[in-house]
Every structure is written in structure tokens, then in C-alpha cells.
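We number each residue from 1, following the sequence as shown. Hydrogens, waters and symmetry mates are skipped; everything else that's a heavy atom, side chains included, is used.
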Amino acid sequence: NRGNSDFMKTRLYLPILLFFLMPFTTAYSQMTDFSLIEKMLQNENQSNESSENAINYEEAKSVKPKEEPNFENENYGYTGGKNFVNSPQEKFFDQPLSYFGYDFFVDAPTTFAPAINIPIPPDYVLGPEDNIRILLFGNQNATYALKVTRDGEIFFPKLGPIAVAGLTFQGLKETIQEIVANQLIGTTVSITLGSLRSIDIFILGEAYQPGMYTISALSTLTNAIIKSGGINVTGSLRNIQLKRKGKVISTFDFYDLLLKGDTSNDIRLTHGDVVFIPPISKTVGVLGEVSRPGIYELKNEETLGDLLKIAG
């Protein structure tokens, strides 16, 4: 009888005990679920970090490590040799001379930030993949974000397609303002540019890392040279050529930038342009009572007086 009584009490108290334990078991299961979720997230983050590290490693492998440059020439000015027909000419001085201008590229960035969030120059030429933002206000209020198609057109709602490729930014403004004034009476238009297209250009010759580069459409010749890592000592700083469709359209003298701050010939690049850096030509060393002793590249028509001006 006593055993039956204990059994009956157990059956009576067991549901009550389970009722009180249910919140704790639920909380424990939730905690277990949360720990599992947290563990899954940690694993996912670790996998993402490892994949990012792998991508960064692949990018690092593709970038040519920049070696410590040496622009000095200890034997500059020495000509001839024991086995030459002409007797050797001794050096004028024992102090080594450095090639002028090439150290400008020593701290050049390994990555190139595109030119964004800067005012668009009026002479910027539009092309496919450029984004145009148009704001109408007055009798009609609307905002449009239009992309230039491969055919060089934008589709203006209610006005139809408009050919814009090849127009300058200033020409685009005048064209759309004229169309809106004639067809949308009492409406004023404001025009700006959104994200700009990227272009592919070639940097060849005596560049530090020649090849094809993708840059912003606002980039200039000097931007492209800096992105490629600069110019080797064997390359010319005085005769950098910009070729377009097989023809040299401009030559850039880097001395004008370094010595005068002149960027008038620093032309904006377009898709398919070739920046060619020919070998260095005539060089002259100068040492003594000058501000900048070194080895300078001279053009054929330049004289000793020009050399002294360049050397300060």
C-alpha cells in the first residue's frame, strides 16, 4: 500500500515539476540555438575573412613590388677603355651624380583612386556609360537619372532620345536647355553629371610597369604615368608622347611640371589612348656651384645656358 501511495504522489507531482521546469528548458534551448547561430556567424566571418585575405593575396601578387631605386651614376663622364681605339677619358669628378626628376615617382601610390566628387570641367566630352542627372522645376517637377547608351543617346521621358555622345558638358547643357525651353513651356532645367565612365588606356615604352590600365575618364596623362609606377631611368622625361589612333597628338615635357609647375600640355585621356615613353636621349652632367647638381636630359636645340637655368 505504501508503494502504491508513493507512486500516486509521484504521478501527482510530476506534471507540476515539469510545469515549473518548462521555462528553464525553453531558455536553455534558446541559449543553445543562439550559441549555434553565433558559432555559425563566427564560422561565416572567418570564411569571409579568409576569402578576402585570399583575394588580397592574389591582388598583391599581381602588383609588381617596387624595388629600392638608385638614380646615381658613379661613372658618369667616363668614356673609352683599355681595348678601345681612342684612349680613355678620365672622369671630371669623383662624386656620383643622380639623374634628375626620377625620384618624383619613388613614393607614387600603388593604387589609383578615381577622380570623383570634383567639379566637371566644361570641356569634358561625354561618352557611353556616363550618367546624367536632370532636374525639372516650374510647370513640371521631375528628376531623371539617364545613362548614355552604346549608341551615344539618352532617352529623355516625354521628349524621346537625344544624341549626346561627343558633346562637351557645356554643349550638353545648352542642347538640353534649348530642347526643354521649346517643348516644355514654363519649365526650367538643371543638369549635372553622376558617376562617370571608365576608360582603358595603354602605357608603353620605358614605363616602370607597362601595360593596359583602367582609369577614370577625368584622368590626365600624368595621372596615368603615376598609376603605372613612374618612368625608368632609361626613359625620357622630356618627350613623353600621347598617341591617339596611331598619331602623336601631343608631347609632354615633365621638366615643365617639375621646374615651372606648368600643366598646360597635361591632356585629358580618352578610351584607347597610348602613352608612349621613348628611351632617354642626350644627357649632360653638371656639378659645382649650381643649386641642383645632377644628370639632366637636354633637347637637341638646348644649349649650355639652358642647362645652367635647369640646374638652378
Exercise. Minimum heavy-atom separation for R268 to P121, with atom names?
Worked result: NH2-CG, 3.2 Å
Problem set entry | L258 versus G101, closest heavy-atom pair with distance | CD1-CA, 3.7 Å
Exercise. Should the heavy atoms of other residues, nucleotides or ligands under 6.0 Å from CD of E178 be counted, would the total exceed 12?
Worked result: no
Problem set entry | Any donor-acceptor pair under 3.5 Å from S219 side chain to I215 backbone | no
Problem set entry | Cluster overlap L97 with L304, hydrophobic side-chain contacts below 4.5 Å | yes
Problem set entry | Beyond-backbone contact of P161 with F155, side-chain heavy atoms, under 4.5 angstrom | yes
Could you tabulate the donor-acceptor pairs under 3.5 Å formed by side-chain atoms of residues 191-198, not counting sequence neighbours?
unit_1 : atom_1 : unit_2 : atom_2 : d
S195   : OG     : N131   : ND2    : 2.8
R197   : NH1    : Y124   : OH     : 2.8
R197   : NH1    : V125   : O      : 3.4
R197   : NH1    : D130   : OD2    : 2.5
R197   : NH2    : V125   : O      : 3.3

For this session: For residues G235 and E206, report the shortest heavy-atom separation together with the two atoms involved.
Result: CA-CB, 3.3 Å
Problem set entry | Y144 reachable from I176 in the ILVMFWY side-chain graph, under 4.5 Å edges | yes
Problem set entry | ring pair (Phe, Tyr, Trp, His ring centres under 6.0 Å) partners of residues 211-263, not counting sequence neighbours, each pair once | F100-Y255, F104-F254, F105-F254, F252-F254
Exercise. Is it true that the side chains of D262 and S264 contain a donor and an acceptor less than 3.5 Å apart?
Worked result: yes
Exercise. Roughly how far, to the nearest 0.5 Å, is CD1 of I201 from CG of L204?
Worked result: 9.0 Å
Exercise. Are N141 and L136 side-chain neighbours, meaning at least one heavy-atom pair lies under 4.5 Å?
Worked result: no
Exercise. Does L269 reach the side chain of L242, with side-chain heavy atoms less than 4.5 Å apart?
Worked result: yes
Exercise. Are K147 and E153 close enough for a salt bridge, meaning some N to O gap below 4.0 Å?
Worked result: no
Exercise. Nearest 0.5 Å, what's the CZ-CD distance between F169 and E174?
Worked result: 11.0 Å
Problem set entry | Any D103 side-chain heavy atom under 4.5 Å of S98 side chain | no
For this session: Before giving the answer on side-chain hydrogen bond (donor to acceptor under 3.5 Å, both in side chains), spell out for D123 and T168 the whole-Å C-alpha distance, their side-chain angles and the decisive distance to 0.1 Å.
Result: CA-CA 5 Å; D123 59 346; T168 62; over 6 Å; no
Problem set entry | Side-chain touch V164/T175, heavy atoms, less than 4.5 angstrom | no
Could you pull out every donor-acceptor pair under 3.5 Å between side chains of residues 271-293 and any protein atom, sequence neighbours left out?
unit_1 : atom_1 : unit_2 : atom_2 : d
H271   : ND1    : D200   : N      : 3.2
D273   : OD1    : R244   : NE     : 2.8
D273   : OD1    : T270   : OG1    : 3.1
D273   : OD2    : R244   : NE     : 3.3
D273   : OD2    : R244   : NH2    : 2.7
D273   : OD2    : T270   : N      : 2.8
D273   : OD2    : T270   : OG1    : 3.3
S281   : OG     : E297   : OE2    : 3.4
K282   : NZ     : K299   : O      : 3.4
T283   : OG1    : Y76    : OH     : 3.0
S291   : OG     : G312   : O      : 3.0
R292   : NE     : I310   : O      : 3.4
R292   : NH2    : I310   : O      : 2.5

Problem set entry | Between CD1 on residue I162 and CD1 on residue I154, distance to nearest 0.5 Å | 5.0 Å
Exercise. Side chains of I199 and T214: does their closest heavy-atom pair fall under 4.5 Å?
Worked result: no
Seminar exercise, completed: Rounded to the nearest 0.5 angstrom, the OG-CD distance for S250 and Q241 is 10.0 Å
Problem set entry | Distance, nearest 0.5 Å, that separates CD1 of I120 from NZ of K173 | 10.0 Å
Exercise. Under a 4.5 Å cut-off applied to non-hydrogen side-chain atoms, are L221 and I240 in contact?
Worked result: yes
Exercise. Between L307 and L298, is a side-chain contact (heavy atoms from CB on, under 4.5 Å) present by the stated rule, with each step listed?
Worked result: CA-CA 7 Å; L307 171 65; L298 294 184; 4.2 Å; yes
For this session: Indicate, with yes or no, if L159 and V189 share a hydrophobic cluster defined by side-chain heavy-atom contacts under 4.5 Å among Ile, Leu, Val, Met, Phe, Trp and Tyr.
Result: yes
Problem set entry | hydrophobic_cluster_shared for F202 and I249, side chain cutoff 4.5 Å | no
Exercise. So, for S228 and A207, which heavy atoms are closest and what is the spacing to 0.1 Å?
Worked result: OG-CB, 4.3 Å
For this session: Tell me, with the steps shown, if N139 and T187 meet side-chain hydrogen bond (donor to acceptor under 3.5 Å, both in side chains).
Result: CA-CA 5 Å; N139 290 341; T187 302; 5.0 Å; no
For this session: Could you tell me whether the side chain of N182 and the main chain of I179 form a donor-acceptor pair under 3.5 Å?
Result: no
Exercise. Under the 3.5 angstrom rule, does the side chain of S236 hit a backbone N or O of N239 as a donor-acceptor pair?
Worked result: yes
Exercise. Are V248 and I231 connected in the hydrophobic side-chain network, where two residues link if heavy atoms are under 4.5 Å apart?
Worked result: no
For this session: Please round to the nearest 0.5 Å and tell me the distance separating atom NZ of K158 and atom CD of Q183.
Result: 12.5 Å
Problem set entry | Whether N232 side chain and T234 backbone form a donor-acceptor pair below 3.5 Å | no
Problem set entry | Side chains of I134 and L146 in contact at under 4.5 Å (non-hydrogen atoms) | yes
